[in-house]
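Structure record follows, encoded as structure tokens.
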Amino acid sequence: MNFWLMKSEPDAFSIDDLAERPEQTEHWDGVRNYQARNMMRDEMKIGDQVFFYHSNCSLPGIVGIAEVVKESQPDFTAFDPNDKHFDPKSNPDKPTWFMVEVKFVRKLLRTISLQELKQKTELADLALVRRGNRLSIMPVGQQQWDFILELE
DNA sequence: GCCAACGTTGGC
DNA sequence: GCCAACGTTGGC
């Protein structure tokens with residue numbers, strides 16, 4: 001089993017939004033970065049655990065846990081000219097972009113803030129806290145995962 | 001293939 | 001709103 005961190009702007013889609021979905025699941029559409037795509041397309045497997053991270057908000061940090069319930073499929077929002085994430089270079093015969101589906105597991109008891117994560121020497125290698133990292137999906141090591149959960 | 005211009009991300 | 005750090009685009 002692998003561990004991941006996925007960023008979302010709570011104004012657009014928050015952990016509560018995920019929890020309120022009918023099946024508490026949602027496909028992670030709109031990713032338009034090749035590194036992040038490759039992880040979803042090639043590496044994220046059913047059962048993998050995901051930290052749900054809120055970005056671009058008053059308190060950026062990890063707010064909950066989700067898990068992968070469906071492996072990669074073409075991101076259909078890329079095919080829709082009316083969609084915000086439309087990409088004319090992607091087509092159904094040869095999709096450029098992919099997405100996985102995640103399911104709500106639980107919220108953390110509190111937000112583990114970016115500021116707090118940055119202070120931990122144990123997390124110095126976590127992609128999230130490395131200089132200039134803008135990836136919206138990134139791997140988390142098992143030890144990092146366990147350490148972060150102990151902060152809760 | 002280089003690189004300047006531009007757009008985006010996301011913390012602050 | 002600012003701006004650093006990227007990634008992408010496109011002229012050459």
Side-chain angles (χ1 to χ4, degrees), chain A residues 2-21 25-44 48-68 72-141 143-145 147-152:
Chain A
N2 288 312
F3 302 92
W4 307 93
L5 181 146
M6 297 171 96
K7 294 178 183 173
S8 185
E9 301 188 15
D11 287 348
F13 187 72
S14 71
I15 185 79
D16 291 323
D17 292 329
L18 179 62
E20 288 165 12
R21 282 289 186 267
T25 65
E26 187 59 282
H27 41 258
W28 208 264
D29 62 75
V31 172
R32 299 291 180 266
N33 170 281
Y34 287 100
Q35 266 184 279
R37 177 206 67 181
N38 291 347
M39 286 186 271
M40 284 201 293
R41 187 189 60 186
D42 305 331
E43 297 179 48
M44 296 184 77
D48 283 3
Q49 300 294 112
V50 177
F51 279 139
F52 198 111
Y53 179 92
H54 280 176
S55 65
N56 235 328
C57 55
S58 58
L59 184 62
I62 297 168
V63 294
I65 297 174
E67 74 174 51
V68 178
S72 73
Q73 57 181 320
D75 181 343
F76 53 77
T77 65
F79 309 142
D80 179 0
N82 296 316
D83 193 277
K84 182 184 172 191
H85 299 291
F86 174 60
D87 180 356
K89 295 192 295 298
S90 184
N91 67 77
D93 293 332
K94 200 170 181 299
T96 305
W97 305 112
F98 291 80
M99 61 190 183
V100 298
E101 193 168 309
V102 300
K103 182 182 176 75
F104 177 80
V105 174
R106 69 178 178 91
K107 289 176 74 170
L108 298 190
L109 301 174
R110 65 182 184 91
T111 298
I112 302 178
S113 70
L114 175 63
Q115 183 190 22
E116 182 175 353
L117 296 169
K118 279 180 170 174
Q119 289 168 354
K120 305 294 181 185
T121 56
E122 292 88 343
L123 300 175
D125 291 331
L126 185 67
L128 182 74
V129 303
R130 305 211 53 119
R131 193 179 67 94
N133 193 292
R134 285 172 25 190
L135 269 182
S136 62
I137 299 174
M138 65 190 74
V140 177
Q143 288 183 348
Q144 294 169 334
W145 178 274
F147 179 83
I148 290 167
L149 279 185
E150 283 170 16
L151 299 174
E152 186 183 8

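Below, chain A is the first sequence line, B the second, and so on; all start at residue 1.
Taking side-chain N and O atoms only, Tyr34(A) has no distance below 4.0 Å to OP1 or OP2 of dC6(C). Close to dT9(B), at under 4.0 Å from its OP1 or OP2, lies no side-chain N or O of Lys7(A).
Closest to the side chain of Lys89(A), from the set dT9(C), dC12(B), dG7(C), is dT9(C). Considering only the side chain of Gln35(A), dG7(C) comes nearest among dG11(B), dC6(C), dG7(C). Side-chain proximity of Asn56(A) to dC6(C), dG7(C), dG11(B): nearest is dG11(B).
One atom, CZ of Arg32(A), and another, C1' of dG7(B), lie 16 Å apart when rounded to the nearest Å. Whole-Å rounding puts the Asn133(A) CG to dC12(B) C1' distance at 17 Å. Straight-line distance from the CD atom of Glu9(A) to the P atom of dT8(B): 12 Å, rounded to whole Å. Distance His85(A) NE2 to dG7(B) C1': 15 Å, rounded to the nearest Å. Note: CD (Glu116(A)) to P (dC12(B)) measures 14 Å, nearest angstrom. Computed from coordinates, the Met6(A) CE to dT9(B) C1' distance equals 17 Å when rounded to whole Å. The nearest whole Å value for the distance from the CZ atom in Arg130(A) to the C1' atom in dG10(B) is 18 Å. Taking atom CG on Asn33(A) and atom P on dT9(B), their separation rounds to 10 Å, with Å as the unit.
The CZ atom of Phe3(A) sits 11.0 Å away from atom CD of Gln143(A), with the distance rounded to the nearest 0.5 Å.
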Worksheet item: Going through the checks in order, is the ring pair (Phe, Tyr, Trp, His ring centres under 6.0 Å) test met by Trp97(A) and Tyr34(A)?
Response: CA-CA 8 Å; Trp97(A) 305 112; Tyr34(A) 287 100; 4.7 Å; yes
Discussion item. Could you walk me through whether Arg32(A) and Thr77(A) satisfy the side chain to side chain donor-acceptor pair (under 3.5 Å) test, starting with their C-alpha distance in whole Å, then the side-chain angles of each, then the deciding distance to 0.1 Å, before giving a yes or no?
Written reply: CA-CA 11 Å; Arg32(A) 299 291 180 266; Thr77(A) 65; 3.1 Å; yes
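Using modelled atom types, no side-chain atom of Gln49(A) and backbone atom of Ile65(A) make a donor-acceptor pair closer than 3.5 Å.
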